Student: 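Got a structure for you, written out below as structure tokens; questions coming shortly.
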Amino acid sequence: MSTEAFADPNKQQLLALYERMLLIRRMEERLRADAAAGNLPGAVHLYIGQEAIATGVCAQLRETDWITSTHRGHGHFLAKGGDPKAMMAEIWGKRTGICKGMGGSMHVADFSKGILGANGIVGGGFAIATGAALASKLTHDERIAVAFFGDGASNQGVFMECMNVSSLWKLPLVLVCEHNQFCEFTPSAQVTSGEIADRAKAFKIPTTVIDGNDVAAVWQAAAQAVARARRGEGPSFIEARTYRIQGHLEAEDLFLAGGKYREKQEIDEWRLKDPLDRTRERLLSAGARADDLDAINARIVRTVEDAVKFAQDSEAADPELAFDLMFVGQKA
Ligand SMILES: Cc1ncc(C[n+]2csc(CCOP(=O)(O)OP(=O)(O)O)c2C)c(N)n1
């Protein structure tokens with residue numbers, strides 16, 4: 001990308017980033033526990049270890065900007081300002097959920113916050129974000145669109161189509177590839193040829209490859225890409241290198257049936273690069289007090305407990321609603 005200089009987040013900004021990452025982490029740790037206990041009605045794909053990416057990017061967005069997400073979408077939803085209670089209730093399959101409990105983990109969405117949805121279709125967000133960016137260009141409303149996607153999704157053909165038109169038409173789009181090293185139970189190197197950034201370069205889209213576990217690096221790269229999109233100069237591509245700490249989905253052991261696709265040692269090595277620990281260290285070096293950081297954590301823990309209680313106390317989703325929500329006017 002360009003060499004335009006963007007400042008590092010200051011201490012206040014870093015604190016806000018840390019708090020948002022903590023929210024995502026603590027929400028998901030609770031989901032992990034509830035998945036293991038068999039309390040959740042569906043599968044959850046956790047974002048643990050990747051929090052810096054959604055957080056750093058969404059911190060550069062306005063509430064009116066659009067994002068599209070993936071099957072691993074809780075982090076994007078929360079980073080863009082989605083309500084923790086409504087998300088938790090959705091995952092628990094409750095009427096008070098953000099989609100009335102009809103979508104579950106892979107469909108958390110809130111159009112009022114620009115969250116166009118998590119998506120169970122790998123690569124399903126590309127065309128939605130490109131369409132949103134086209135709409136924004138046609139209506140001159142200054143909104144930009146961000147598509148979050150995995151390295152696996154970059155092998156979908158629609159990725160090329162969306163890069164082609166967004167570059168040609170200079171759409172206000174930011175493509176954020178979260179390279180977490182795996183595509184389900186297969187290491188990326190076995191399914192993805194060459195460098196993903198080279199695919200974007202072929203369409204004359206500016207690219208940058210960054211450490212996705214460094215929230216300040218993500219924040220800066222996003223600032224640059226967002227500024228370019230708002231200037232009407234077209235799309236940018238960010239590849240954020242990271243690592244999926246949890247399984248592809250909780251309970252993956254059942255799928256693997258004793259099989260193995262990575263070594264524990266590799267996971268432990270990446271734990272040492274934990275984005276939250278690194279941000280905490282950075283804050284302490286910048287003069288933050290450990291007590292204050294612990295107080296933020298305590299506040300977040302209460303937020304998560306409230307969200308879980310709200311979900312548990314809510315009524316189960318109403319299957320009858322499927323007729324109204326999916327087949328408008330078709331009710332028998
Ligand atoms: C169109 C489509 N093909 C295949 C799948 C099955 N599937 C679900 S997740 C996944 C891997 C996606 O990998 P990546 O995009 O890197 O995201 P990650 O899971 O690593 O976050 C696959 C192949 C799907 N959901 N949709």
Side-chain angles (χ1 to χ4, degrees), residues 24-25 27-28 31-32 35 42-58 67-79 91 103-109 116-130 146-163 174-200 209-213 218 237-256 259-262 266-267 270 273 275:
I24 301 170
R25 175 69 60 90
M27 286 282 279
E28 290 215 317
L31 286 169
R32 184 180 61 191
V44 283
H45 302 77
L46 299 185
Y47 195 61
I48 290 176
Q50 300 179 216
E51 297 90 343
I53 303 169
T55 304
V57 171
C58 289
I67 64 163
T68 60
S69 174
T70 70
H71 53 286
R72 204 174 297 290
H74 311 147
H76 308 124
F77 180 89
L78 294 169
I91 297 170
S105 163
M106 276 187 275
H107 300 96
V108 287
L116 295 176
N119 204 316
I121 308 296
V122 169
F126 290 125
I128 298 171
T130 304
V146 176
F148 291 100
F149 58 99
D151 44 278
S154 74
N155 295 323
Q156 294 290 63
V158 64
F159 179 43
M160 317 310 153
E161 297 174 46
C162 290
M163 286 196 291
V174 180
L175 297 158
V176 181
C177 178
E178 306 196 30
H179 197 318
N180 69 4
Q181 322 287 335
F182 298 101
C183 187
E184 287 191 325
F185 314 115
T186 310
S188 303
Q190 290 176 28
V191 285
T192 300
S193 176
E195 297 296 326
I196 301 169
D198 287 347
R199 302 176 188 181
V209 180
I210 56 167
D211 176 353
N213 284 21
V218 177
F237 171 93
I238 298 169
E239 179 178 331
R241 293 282 169 111
T242 184
Y243 190 82
R244 166 161 63 68
I245 295 289
Q246 289 299 114
H248 168 62
L249 76 171
E250 293 310 284
E252 80 167 11
D253 289 349
L254 293 175
F255 288 77
L256 293 172
K260 195 162 139 185
Y261 63 95
R262 58 180 176 173
E266 184 182 87
I267 305 173
W270 275 91
K273 302 178 202 166

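Every value quoted in this text rests on a predicted model; they were computed, and no experiment measured them. Numbering of ligands and ligand atoms starts at 1, following listing order. The figures that follow rest on heavy atoms only: side chains count, while hydrogens, waters and symmetry mates do not.
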Student: Starting from atom 17 (O) of ligand 1, what is the nearest protein heavy atom, named by residue and atom, and what distance separates them?
Tutor: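 Looking at atom 17 (O) of ligand 1, the protein heavy atom closest to it is His71 CE1, 3.5 Å.
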Student: Do the side chains of Glu161 and Thr130 get nearer than 4.5 Å, heavy atoms only?
Tutor: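 When only atoms from C-beta onward are counted, Glu161 and Thr130 do not touch, as no gap falls below 4.5 Å.
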Student: Heavy-atom count around Glu195 CD within 6.0 Å, excluding the residue itself: above 12?
Tutor: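 Counting neighbours around CD of Glu195, 12 or fewer heavy atoms of other residues, nucleotides or ligands fall under 6.0 Å, so no.
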Student: Please list, in number order, the atoms of ligand 1 under 4.0 Å from a heavy atom of Cys183.
Tutor: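 It comes down to these atoms of ligand 1: 11 (C), 13 (O).
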Student: With ring pair (Phe, Tyr, Trp, His ring centres under 6.0 Å) as the test, pick out the partner of His248 among Phe185, Phe182, Phe255.
Tutor: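 The residue from Phe185, Phe182, Phe255 that satisfies ring pair (Phe, Tyr, Trp, His ring centres under 6.0 Å) with His248 turns out to be Phe185.
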Student: Without swapping roles, check the side chain of Asp151 against the backbone of Asn180 for a donor-acceptor pair under 3.5 Å.
Tutor: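 Yes, the answer is positive, given that a donor and an acceptor are paired below the 3.5 Å cut-off.
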Student: For ligand 1, is there an atom lying under 4.0 Å from some heavy atom of Gln156?
Tutor: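 Under 4.0 Å: yes for Gln156.
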Student: Kindly determine whether Tyr261 and Gln190 satisfy side-chain hydrogen bond (donor to acceptor under 3.5 Å, both in side chains), including the steps that lead there.
Tutor: CA-CA 11 Å; Tyr261 63 95; Gln190 290 176 28; over 6 Å; no
Student: Counting non-hydrogen protein atoms only, what is the nearest one to atom 15 (O) of ligand 1? Give residue, atom name and distance.
Tutor: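 Going atom by atom, the protein heavy atom closest to atom 15 (O) of ligand 1 ends up being Ala153 N, 2.9 Å.
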Student: Taking 4.0 Å as the limit for heavy-atom contacts, which would you say applies to Phe182 with ligand 1: side chain only, backbone only, both, or neither?
Tutor: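 Under 4.0 Å from ligand 1, Phe182 contributes backbone atoms alone.
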Student: Just so I know, are the side chains of Glu266 and Gln181 near enough to count as touching, which here means a heavy-atom distance under 4.5 Å?
Tutor: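 No, too far: nothing below the 4.5 Å cut-off.
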Student: Compute the minimum heavy-atom distance from Asn180 to ligand 1 and say whether it is under 4.0 Å.
Tutor: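 The answer is yes: ligand 1 sits under 4.0 Å from a heavy atom of Asn180.
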Student: May I ask you to identify the nearest protein heavy atom to atom 24 (C) of ligand 1, giving residue, atom name and distance to one decimal place in Å?
Tutor: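 Answer, as residue, atom name and distance: Val122 CG2, 3.5 Å.
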Student: Regarding ligand 1, does Gly152 bring an N or O atom to under 3.5 Å of one of the ligand's N or O atoms?
Tutor: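 Yes, at least one N or O pair falls under 3.5 Å.
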Student: Record the part of Glu184 in heavy-atom contact with ligand 1 below 4.0 Å; permitted values are side chain, backbone, both and neither.
Tutor: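 Both of them.
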Student: Side chain or backbone, does Gly120 bring an N or O within less than 3.5 Å of an N or O on ligand 1?
Tutor: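 Right, the criterion is met.
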Student: Would you please determine whether Arg244 falls within less than 4.0 Å of ligand 1 on a heavy-atom basis?
Tutor: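 In this structure, Arg244 fails to qualify as a contact of ligand 1 - no heavy atom is under 4.0 Å.
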Student: Short list, please: which atoms of ligand 1 are under 4.0 Å from a heavy atom of Gly150?
Tutor: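 Going through ligand 1 atom by atom, the ones under 4.0 Å from Gly150 are 14 (P), 15 (O), 16 (O), 17 (O).
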Student: For ligand 1, which atoms, with element, lie under 4.0 Å from some heavy atom of His248?
Tutor: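 It comes down to these atoms of ligand 1: 9 (S), 19 (O).
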Student: Verify side-chain contact (heavy atoms from CB on, under 4.5 Å) between Glu178 and Thr70, making sure each step is shown before the conclusion.
Tutor: CA-CA 10 Å; Glu178 306 196 30; Thr70 70; over 6 Å; no
Student: Check Glu178 against ligand 1 and report side chain, backbone, both or neither, counting heavy atoms closer than 4.0 Å.
Tutor: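 Neither; no heavy atom under 4.0 Å.
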Student: How far is atom 21 (O) of ligand 1 from its nearest protein heavy atom, and which residue and atom is that?
Tutor: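 In this structure, atom 21 (O) of ligand 1 has Arg72 NE, 2.8 Å as its nearest protein heavy atom.
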Student: Please name the residue in the list Gln50, Met106, Gln246 that meets the side chain to side chain contact (heavy atoms under 4.5 Å, CB included) test with Arg72.
Tutor: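 When side chain to side chain contact (heavy atoms under 4.5 Å, CB included) is applied between Arg72 and each of Gln50, Met106, Gln246, only Gln50 qualifies.
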Student: Donor-acceptor check, side chain of Glu28 to backbone of Leu46, threshold 3.5 angstrom: yes or no?
Tutor: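 Checking the backbone N and O of Leu46 against the side chain of Glu28, no donor-acceptor pair under 3.5 Å is found.
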Student: Is the Lys NZ or Arg CZ of Arg199 less than 6.0 Å from the centre of Phe159's six-membered ring, within 45° of the axis?
Tutor: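 Cation-pi check for Arg199 and Phe159: fails.
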